[in-house]
Amino acid sequence: MTEHVESAQERTEGVGGVLDALEDAVTQARAMPMSSSVLVNRAEILELVDQVREALPAQLLRADEVLADADAARAAAQAEAEAVLARARARAAELVEQEHVVAEARARAAEIVAEAQATAESLRRDADDYCDRRLADFEIDLGKVLSQVQAGRAKLAGRLSPGEGA
């Protein structure tokens, strides 16, 4: 019996090792005749159970640490993802704003061109109207001059043919 206890102490390391030792103790125990029951060393089994109890908190503590590390890593990754997303949204807004500024500039340029074309058309109409009025005045003046010329010629024609008119 002491041999089993000593071998159990030598084999146990961590929860897995203690569970292996428990399994070995049960599988190597003497079988009861005409039964599936076995005889096990109480001290050995109790020692292994104590070792499991001692090992479990350490194992659980390490598991908690691993989970905490995983949570911290996940939180860091989440924070990084949110930061990347925030930067991407800011850049997208900046690009949209630039696009908005460009669109406003194009619209303003179109307004300026339309105003310039309207002004040019108005100036052209005013110039054409001015020229037409001046030409009309000139036509009237020429008509008057033509009438005077014709009257002068008629008067001269009367003097050149004395027998006819005098």
Side-chain angles (χ1 to χ4, degrees), residues 8-27 47-166:
Q9 288 174 347
E10 292 172 5
R11 291 179 294 189
T12 58
E13 188 171 310
V15 174
V18 175
L19 290 175
D20 289 344
L22 276 170
E23 183 179 16
D24 287 346
V26 171
T27 56
E47 174 66 26
L48 291 172
V49 169
D50 286 342
Q51 289 179 15
V52 168
R53 285 188 177 130
E54 289 175 14
L56 272 179
Q59 295 288 330
L60 290 176
L61 182 61
R62 275 192 271 160
D64 286 344
E65 289 172 0
V66 169
L67 288 175
D69 290 346
D71 287 344
R74 188 181 63 213
Q78 182 69 30
E80 179 65 24
E82 288 174 4
V84 167
L85 190 58
R87 285 193 303 268
R89 284 184 178 146
R91 181 69 179 138
E94 182 180 310
L95 291 174
V96 167
E97 183 64 30
Q98 287 176 354
E99 183 67 27
H100 180 70
V101 168
V102 169
E104 283 183 5
R106 286 182 181 157
R108 181 69 183 127
E111 287 176 11
I112 290 170
V113 168
E115 288 174 10
Q117 287 175 340
T119 301
E121 181 65 25
S122 175
L123 290 174
R124 188 185 59 76
R125 272 195 306 260
D126 289 347
D128 288 349
D129 187 50
Y130 175 77
C131 288
D132 185 51
R133 280 187 276 125
R134 298 302 300 158
L135 287 173
D137 291 344
F138 188 61
E139 184 179 24
I140 291 170
D141 290 343
L142 285 177
K144 287 179 185 176
V145 169
L146 181 61
S147 295
Q148 289 175 354
V149 167
Q150 287 173 344
R153 285 189 73 202
K155 197 176 198 178
L156 283 176
R159 278 192 232 163
L160 290 176
S161 19
E164 294 178 11

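Please read these numbers as outputs of a predicted model, since none were measured by experiment.
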Asker: Just how far is it from atom CG of Asp71 to atom CD of Gln78, taken to the nearest 0.5 Å?
Answerer: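 One finds 12.5 Å between CG of Asp71 and CD of Gln78.
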Asker: Under the 3.5 angstrom rule, does the side chain of Thr27 hit a backbone N or O of Asp24 as a donor-acceptor pair?
Answerer: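 Yes, the answer is positive, given that a donor and an acceptor are paired below the 3.5 Å cut-off.
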Asker: Other residues, nucleotides and ligands only: do more than 12 of their heavy atoms fall within 6.0 Å of CZ on Arg89?
Answerer: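 Not buried by this count: 12 neighbours or fewer within 6.0 Å.
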Asker: Quick one: closest heavy-atom pair of Leu56 and Val15, and the distance?
Answerer: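 Taking Leu56 first and Val15 second, the nearest heavy atoms are CD2-CG2, 3.8 Å.
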Asker: Does a side-chain N-to-carboxylate-O contact under 4.0 Å join Arg108 and Glu111?
Answerer: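 Between Glu111 and Arg108 there is a salt bridge, with a charged N closer than 4.0 Å to a carboxylate O.
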Asker: Is there side-chain contact between Glu80 and Val84, with heavy atoms separated by less than 4.5 Å?
Answerer: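 SC-SC contact between Glu80 and Val84 confirmed.
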Asker: May I ask you to decide whether Asp129 forms a salt bridge with Arg133, counting only side-chain N to carboxylate O separations under 4.0 Å?
Answerer: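 Looking at Arg133 together with Asp129, the answer is yes, because their closest N to O distance falls below 4.0 Å.
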Asker: Given 3.5 Å as the limit, does a donor-acceptor pair link the side chain of Ser147 with the main chain of Gly143, or not?
Answerer: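 Pair found, side chain donor or acceptor close to backbone of Gly143.
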Asker: Measuring from Asp126:CG to Thr119:OG1, what's the distance to the nearest 0.5 Å?
Answerer: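 One gets 10.5 Å once the value is rounded to the nearest 0.5 Å.
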Asker: Hey, what do you get for CG (Leu135) to CG (Asp141), rounding to the nearest 0.5 Å?
Answerer: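 That separation rounds to 11.5 Å.
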Asker: How far apart are the C-alpha atoms of Glu94 and Glu97, what are their side-chain angles, what is the distance that settles it, and do they pass the side-chain contact (heavy atoms from CB on, under 4.5 Å) test?
Answerer: CA-CA 5 Å; Glu94 182 180 310; Glu97 183 64 30; 5.6 Å; no
Asker: Between Gln117 and Glu121, is any side-chain donor less than 3.5 angstrom from a side-chain acceptor?
Answerer: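 Not at all, the side chains of Gln117 and Glu121 share no donor-acceptor pair under 3.5 Å.
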Asker: When you look at Val149 and Arg153, which way does the side-chain contact (heavy atoms from CB on, under 4.5 Å) test go after all the steps?
Answerer: CA-CA 6 Å; Val149 167; Arg153 285 189 73 202; 4.2 Å; yes
Asker: Any salt bridge between Arg124 and Asp128, counting N to O under 4.0 Å?
Answerer: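 Judged by the 4.0 Å cut-off on N to carboxylate O distance, Arg124 and Asp128 do form a salt bridge.
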Asker: Could you tell me which residues satisfy side-chain hydrogen bond (donor to acceptor under 3.5 Å, both in side chains) with Glu104, sequence neighbours excluded, listed by chain and number?
Answerer: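 Scan of Glu104 (side-chain hydrogen bond (donor to acceptor under 3.5 Å, both in side chains), adjacent residues dropped) gives His100.
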